[in-house]
Every structure is written in C-alpha cells, then in structure tokens.
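Report on the following structure.
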Amino acid sequence: MNDAPTRSLPNDDVTAVSKAAAGAVLTIDLGAIRENYRRLKAKLGSVRCAGVLKADGYGLGAAQVASALMREGCDIFFVALLAEGIALRKTVGAGPDIYVLNGLPPGSEPEALAAGLCTVINSGVQLKAWRAAARGAGRRLPAAIQVDSGMSRLGMAPAEVEAVTKDFGALDGIDVKYVMSHLACADEPRHPANEQQRMEFERLRAMLPAAPASLANSSGIFLGPSYHYDLARPGAALYGINPTPGAANPMLSVLRLEAKVAQTRSVEKGAGVGYGHAYHAEGPLSLATISFGYADGWLRRSASAAWFEGVRLPFLGRVSMDSIVLDISALQPGKLREGDLVELLGPSQSVDDAAGHAGTIGYEILAGLGARFHRRYVNA
Ligand SMILES: *Cc1c(COP(=O)(O)O)cnc(C)c1O
C-alpha cells in the first residue's frame with residue numbers, strides 16, 4: 001500500500017479501468033462530500049471537524065476525499081492503520097495532521113515518525129514506545145491519548161489511566177494534542193450508554209493533563225453539544241450514510257453505482273435461475289444478467305434489486321461472483337440492451353437501503369465496494 005504510486009488529484013476519471021472494459025461504474029460526487037462536511041460544521045459551530053478516512057475513505061478513495069475536504073479547510077484526518085497513514089501523507093503533503101486510530105504496531109514508531117504521523121496511544125505499552133521514540137528523536141512527539149470510556153475496544157483502560165497519574169514521567173516527551181474516546185451506541189440517541197460513556201470520559205480525562213477533547217463520531221455530533229467537545233471525528237456522515245437512523249437522513253447521497261448488462265434472454269415457466277436453482281420462473285420472464293456480483297462487494301445474501309429509468313428490476317436467484325440475474329419483465333421488450341447500465345446505488349436505492357436488504361449496515365457496503373469498477377470523481 002505505501003509503495004503504491006501517488007494517485008493523481010481528483011478529476012473526472014482517475015481509474016485505471018476504462019468504462020468500456022469495466023463491468024460497473026462507480027461515480028463519487030466530491031461536491032456532495034464537501035456539502036456534507038459543511039453541514040456537519042454548521043452543527044458544530046466553532047468546534048473543529050476532522051475527516052475519518054480509514055479503509056481508503058470508506059471505500060471511496062482516501063486521496064480524493066482528503067483533497068475535497070482540504071478545500072473546505074479540513075486539516076486533520078484519522079485513519080485506522082499506519083499503512084493508511086503513510087499512503088495518505090504522500091497524497092496530502094506535509095500540512096494536515098494524520099492520526100492512526102489503531103495505534104502503532106510495536107517497532108513501527110520510526111516509520112510513523114518518518115511519515116510525520118501522529119499516533120493515537122491506546123495502551124500503556126504504546127505510551128512507553130512513543131515516549132522512547134521521543135527520547136530517540138530528541139524532541140516532543142504529538143499524540144492523541146485514547147481512553148476507553150466503555151466500549152472495551154481500543155483505548156487505555158481506567159486502571160492504565162490511573163497508573164499514568166501516579167507515574168511522574170509517564171508523559172515525558174509526549175505532546176498530548178487530544179484526549180479522545182469513542183462511543184459504542186451513538187446511533188441510538190436514547191441508549192443509556194451514551195451518557196454513561198460521556199461521564200466516564202469526563203472522569204478519565206480529568207486525570208490527564210489538560211488537553212483538547214474529542215468524543216463524537218458522525219452520530220455523536222447529533223447527540224447534542226455536550227458531546228462535541230473540541231474536535232468531532234465524522235466518517236460515515238461525510239459519505240452519505242444516515243447518522244440518525246430512524247429519522248430522515250440529514251446528509252446528501254454521494255455516490256452512484258451502476259452495473260452493465262452482459263446479456264438478456266427470455267425463459268419459459270419453470271426455468272431454474274442461477275446456482276442451486278434457488279429460483280424457478282413462475283411464468284414466462286424476460287431476464288437480464290449484469291456483470292456484477294459478490295466479487296464487487298455485493299453480499300451474496302442480499303435480496304435486492306436494480307433500477308432502470310425508475311423501474312425496479314428484482315434480483316432472481318443467487319448472487320454469483322461476477323453476475324446477477326434481474327427480472328426485467330416490467331420493461332418494454334427491447335428497452336434494456338447489452339451494455340446498458342442499471343442502477344444499484346443512487347437515487348433509487350441508498351446505501352442504507354441496500355444495507356437493509358442485506359441485513360447489514362451502510363458502512364459494510366461502502367467498505368466492501370470492489371476494486372474493478374470504472375471510478376469517476378465528479379464535482380471536484
Ligand atoms: C470509525 C471511527 C470514527 C468515525 O465513525 P463514523 O461513525 O463513521 O462517523 C470516529 N472515531 C473512531 C475512533 C473511529 O474508529
């Protein structure tokens with residue numbers, strides 16, 4: 001990953017896969033991502049707003065998304081892995097702060113330093129290693145300290161935070177830029193864990209040297225100002241995933257995914273369709289097979305549909321690796337032809353809708369989007 005050539009900056013088409021050669025076209029609206037950032041900023045007032053770019057910007061292209069957000073003044077990014085941070089540094093240049101959420105693997109501190117990354121310290125072990133790196137470098141090194149306020153995933157446990165208060169030199173050489181934590185249930189505004197975590201965050205950060213604080217992810221921003229602190233860390237909402245499930249989506253949709261028709265056919269009543277003959281035609285049907293399947297990140301268990309000019313075309317039978325069969329009987333004969341594109345994600349079916357049909361969340365749909373699409377970036 002870190003050896004990948006630097007990608008060109010956003011323009012209409014940065015992909016290596018031509019539209020003619022691809023089975024599907026993914027269009028990413030960078031203007032909509034910028035608008036979503038502005039909407040979150042408007043909710044946050046004077047609180048700073050970072051951009052979370054882990055998993056290649058939730059599958060949409062960390063380099064392109066970072067460049068779009070920087071045009072809105074965003075200068076702090078979070079990735080999950082050191083490798084992602086190194087790759088991102090190459091595309092964004094020296095300016096923005098980049099934090100590695102999962103912390104640094106032991107022994108990788110020199111690589112992080114060379115790339116000018118800030119780490120997130122999640123454990124006493126990581127704290128010691130960063131302190132040693134600072135000693136070696138002969139200067140103070142920036143970091144965020146993550147405390148576990150009740151998710152039991154990443155971050156220093158309360159006992160480790162208490163140990164820091166007792167060890168006079170524990171933070172020597174560490175420039176604590178933020179004290180942060182992460183919410184487990186922010187997408188459920190009435191969940192009691194939200195306020196419990198906020199109170200625990202207050203208790204833990206009071207034990208550490210005074211530093212700006214950060215707690216809210218996308219949904220956390222919508223829990224209200226008491227969750228905003230000094231820096232918010234939205235990911236999903238930037239990419240159009242609804243941060244307020246159950247209520248109208250306050251964000252713009254940012255992508256469109258279209259798959260190409262490989263062939264069409266007519267079948268008689270009783271014809272078995274796809275692997276395992278999981279479907280049998282209940283009467284004569286018109287079918288279209290699209291060049292798109294689970295290798296493109298569309299889950300095999302997904303019972304869903306594609307759309308063509310506003311007409312719903314249900315999936316029939318199983319999702320294959322590289323193909324899905326659609327029932328196109330609702331269209332005029334000859335209307336849909338080989339090479340035409342049908343919509344899988346976009347105005348007719350949001351990422352959250354598609355996730356609902358697959359029994360998952362929009363995050364998993366985006367992060368799983370395949371690598372063989374023709375990608376277009378628009379409204380840069
Ligand atoms: C992924 C992540 C975020 C962003 O969460 P969204 O729900 O996508 O907004 C923020 N903080 C941490 C620690 C994360 O892991």
Side-chain angles (χ1 to χ4, degrees), residues 33 36-37 39-41 43-44 47-60 62 65-66 69 74 76-82 84-85 88 97-104 117-123 126 143-156 177-189 191 193-194 197-198 200-201 204-205 212-223 227-246 249-252 254-255 351-352 355 360-369:
I33 293 175
N36 286 341
Y37 184 79
R39 288 182 186 184
L40 295 174
K41 291 266 288 186
K43 273 207 89 71
L44 287 166
V47 170
R48 291 183 75 191
C49 189
V52 177
L53 299 175
K54 57 199 186 190
D56 197 25
Y58 292 49
L60 300 186
V65 173
L69 294 179
C74 180
I76 166 160
F77 297 119
F78 288 86
V79 294
L81 307 181
L82 173 56
E84 295 175 334
L88 184 63
D97 291 339
I98 302 173
Y99 286 88
V100 178
L101 284 169
N102 284 20
L104 300 177
L117 305 179
C118 310
T119 186
V120 174
I121 292 169
N122 290 313
S123 70
Q126 290 173 14
I145 294 183
Q146 176 156 231
V147 297
D148 177 19
S149 58
M151 189 173 179
S152 314
R153 189 181 71 167
L154 289 168
M156 296 181 80
K177 296 286 189 193
Y178 292 97
V179 175
M180 60 175 277
S181 193
H182 192 48
L183 296 165
C185 307
D187 57 341
E188 298 174 62
H191 201 296
N194 292 322
Q197 280 199 266
R198 201 181 68 79
E200 179 67 354
F201 182 52
L204 294 174
R205 88 188 175 94
S214 176
L215 181 62
N217 65 338
S218 298
S219 294
I221 293 171
F222 292 83
L223 292 177
Y227 288 81
H228 292 174
Y229 292 96
D230 301 295
L231 174 75
R233 307 183 310 270
L238 296 172
Y239 309 108
I241 291 173
N242 188 355
T244 58
N249 190 350
M251 314 316 295
L252 285 182
V254 310
L255 62 92
V351 173
D352 292 311
T360 182
I361 54 174
Y363 296 67
E364 193 181 20
I365 300 280
L366 288 188
L369 288 177

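Each ligand, and each atom within it, is numbered from 1 in the order the structure gives. Every heavy atom of this structure was used, including side-chain atoms; hydrogens, water molecules and symmetry mates were not.
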State if P234 counts as touching ligand 1 under the rule of any non-hydrogen atom under 4.0 Å. yes

Which atom of Q126 lies closest to which atom of N102, heavy atoms considered: NE2-O, 3.9 Å

Looking at [Y], is its backbone amide N or carbonyl O close enough to the side chain of [X] to form a donor-acceptor pair, meaning the two atoms are under 3.5 Å apart?
| X | Y | value |
| --- | --- | --- |
| D148 | M156 | no |
| R39 | P250 | yes |
| N194 | E188 | yes |
| N249 | G240 | yes |

For [atom], what is the nearest protein heavy atom, given as residue, atom name and distance?
| atom | value |
| --- | --- |
| atom 10 (C) of ligand 1 | R233 O, 3.3 Å |
| atom 5 (O) of ligand 1 | N217 CB, 3.4 Å |
| atom 8 (O) of ligand 1 | Y58 OH, 2.5 Å |
| atom 9 (O) of ligand 1 | S218 OG, 2.5 Å |
| atom 7 (O) of ligand 1 | Y363 OH, 2.6 Å |
| atom 2 (C) of ligand 1 | K54 NZ, 2.5 Å |

Just to verify, which of H182, Q197, R198 counts as forming a side-chain hydrogen bond (donor to acceptor under 3.5 Å, both in side chains) with S149? Q197

For ligand 1, which atoms, with element, lie under 4.0 Å from some heavy atom of A236? 6 (P), 8 (O), 9 (O)

Would you mind listing which atoms of ligand 1 come within a distance below 4.0 Å of any non-hydrogen atom of L101? 12 (C), 13 (C), 14 (C), 15 (O)

Looking at CG of L40 and OG of S218, how far apart are the two atoms once the value is rounded to the nearest 0.5 Å? 6.5 Å

Residue part near ligand 1, for R153, under 4.0 Å between non-hydrogen atoms: side chain

Ring centres under 6.0 angstrom apart (Y229, F201): yes

Please check whether G235 reaches ligand 1 - meaning an N/O of the residue sits under 3.5 Å from an N/O of the ligand, judged on distance alone. yes

